[in-house]
Amino acid sequence: MATTYSGLYLEIRRTLKAAGSIAADLSARELVCVSSGKTKEALFRDGSLYVPMEIEARTRELVQRHLDGEPVAYIIGEWEFYGLTLAVSPSVLIPRPDTETLVDKAVEYLRTLEACRVLDLCAGCGCVGLAIASQVPEIKIVLGDISDAALKLCSRNIWSNSFSGRVVPVRMDALENPDRRIGLFQCIVCNPPYIASGEIAGLDVSVRDYEPHLALDGGADGLEFYRAIAGKWRNALYPGGRIFFEVGIDQSIPVGRILRENGFGEIESMEDRNGVRRVVTAIRYPDI
Ligand code: GLN
């Protein structure tokens with residue numbers, strides 16, 4: 001039987017709630033919007049109109065994909081982070097609310113500086129660097145990633161959020177020494193892969209089966225990127241320059257130690273909104 005847009009939305013919301021979805025209302029709305037090509041304003045405006053059969057069928061297909069574990073962000077191809085709408089694909093992690101803490105702390109620091117250059121290493125879709133750019137107007141940002149697919153998304157997100165000229169994507173491998181031509185930065189922000197290889201199999205299906213392992217796998221103990229970056233990328237910071245790492249649960253102490261062993265000081269860690277020590281920051285001490 002034919003259904004209206006609001007009927008379809010409510011039914012999907014109920015199905016998703018029953019399946020245990022945490023943001024059933026948001027997910028239901030996004031899925032109906034993408035299958036019908038409507039903005040959320042248009043969806044509410046057209047709530048009492050009947051849904052054409054092919055749109056209803058398409059919506060149900062998308063809902064089924066989500067029920068099978070595929071994240072809504074990949075189904076709709078975009079996600080919100082720090083007030084920005086960003087294109088995402090299965091080549092990059094979906095920006096997480098936890099990562100907003102990394103942005104908060106870096107922004108707090110960068111607002112105390114004059115115009116400067118910031119490197120977002122392991123940028124993925126560019127969420128951290130772009131969120132910083134949106135908060136601190138004078139700075140210039142390089143988004144670095146090893147994946148060409150991620151860099152393409154970065155370019156798209158730079159353009160769609162009007163940051164061309166201030167933010168550039170550059171291919172780089174966080175596990176290797178930086179190319180000198182990228183120059184020096186006052187600040188590096190980095191949310192590297194930090195899940196221990198052996199723990200990936202136990203992650204939630206929506207992460208394990210859909211998100212890129214390249215962006216999750218932090219090696220045998222999850223700390224491989226922190227070691228490489230503290231050791232090799234120190235030279236891409238000016239002396240006195242500051243690094244901000246996002247870290248996984250229980251990693252703040254070992255990451256602090258890695259930084260100390262590699263010539264960093266003033267090491268501090270900060271909690272995210274759930275009380276998890278989520279960010280570790282330190283400055284590059286001058287060479288002696
Ligand atoms: N926070 C992510 C997760 O737990 C992992 C992010 C990362 O490895 N940088 O799924």
Side-chain angles (χ1 to χ4, degrees), residues 20-23 27 66 69-75 79-82 86 88-106 119-132 143-147 149-151 153-154 157 172-175 188-230 233 243-256 258-259 269-282:
S21 168
I22 35 168
S27 301
H66 180 47
E70 189 170 349
V72 173
Y74 292 152
I75 298 176
W79 207 237
E80 289 244 337
F81 180 76
Y82 227 87
L86 301 170
V88 296
S89 79
S91 305
V92 296
L93 286 191
I94 300 162
R96 279 129 163 98
D98 299 341
T99 302
E100 294 192 354
T101 307
L102 179 64
V103 176
D104 291 342
K105 300 301 167 190
L119 171 62
D120 175 1
L121 190 54
C122 307
C125 69
C127 58
V128 172
L130 291 168
I132 292 173
L143 302 177
D145 206 284
I146 192 170
S147 150
L151 292 170
L153 284 171
C154 285
N157 289 327
M172 53 185 78
D173 182 350
L175 296 174
I188 296 177
V189 288
C190 178
N191 175 15
Y194 56 64
I195 309 290
S197 309
E199 285 172 17
I200 293 195
L203 295 175
D204 193 81
V205 173
S206 68
V207 179
R208 185 195 65 206
D209 292 354
Y210 293 92
E211 300 208 67
H213 290 194
L214 183 68
L216 291 167
D217 192 339
D221 63 356
L223 300 169
E224 189 183 335
F225 280 80
Y226 299 110
R227 282 191 206 94
I229 294 164
W233 288 77
I243 191 160
F244 289 85
F245 275 132
E246 174 169 317
V247 299
I249 293 173
D250 293 335
Q251 289 179 329
S252 67
I253 292 173
V255 169
I258 289 168
L259 284 163
S269 66
M270 295 100 160
E271 289 181 356
D272 65 15
R273 286 157 210 173
N274 298 313
V276 174
R277 296 243 151 234
R278 184 61 73 190
V279 172
V280 176
T281 182

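As the structure lists them, so they are numbered: ligands from 1, and atoms in each ligand from 1. All residue numbers in this chain count up from 1 along the given sequence.
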Non-hydrogen atoms of Ala215 versus ligand 1: any pair closer than 4.0 Å?
yes
Any sub-3.5 Å donor-acceptor pair from Gln251's side-chain atoms to Tyr194's backbone N or O?
yes
Any idea which protein heavy atom is nearest atom 1 (N) of ligand 1, and the distance to it?
Tyr194 OH, 3.0 Å
Could you work out, for atom 4 (O) of ligand 1, the closest of Leu93, Ile195, Thr99 by heavy-atom distance?
Ile195
Starting from atom 10 (O) of ligand 1, find the nearest protein heavy-atom neighbour and note its residue, name and distance.
Arg96 NH2, 3.0 Å
Considering only heavy atoms of Pro193, which atoms of ligand 1 have at least one such atom less than 4.0 Å away?
8 (O)
Quick check: does Asn191 get an N/O under 3.5 Å from an N/O on ligand 1?
yes
Got a sec: does the CD1 of Ile75 have more than 12 other heavy atoms crowding it under 6.0 Å?
yes
Just how far is it from atom OG1 of Thr101 to atom CZ of Arg278, taken to the nearest 0.5 Å?
7.5 Å
Which atoms of ligand 1 are found less than 4.0 Å from any heavy atom of Pro192?
7 (C), 8 (O), 9 (N)
Sidechain-backbone polar pair: Arg277 side chain, Ser252 backbone, donor-acceptor under 3.5 Å:
no
Please indicate whether Ile253 has more than 12 foreign heavy atoms, meaning atoms of other residues, nucleotides or ligands, lying under 6.0 Å from its CD1.
no
Does the gap between the ring centers of Phe245 and Tyr226 come in under 6.0 Å?
yes
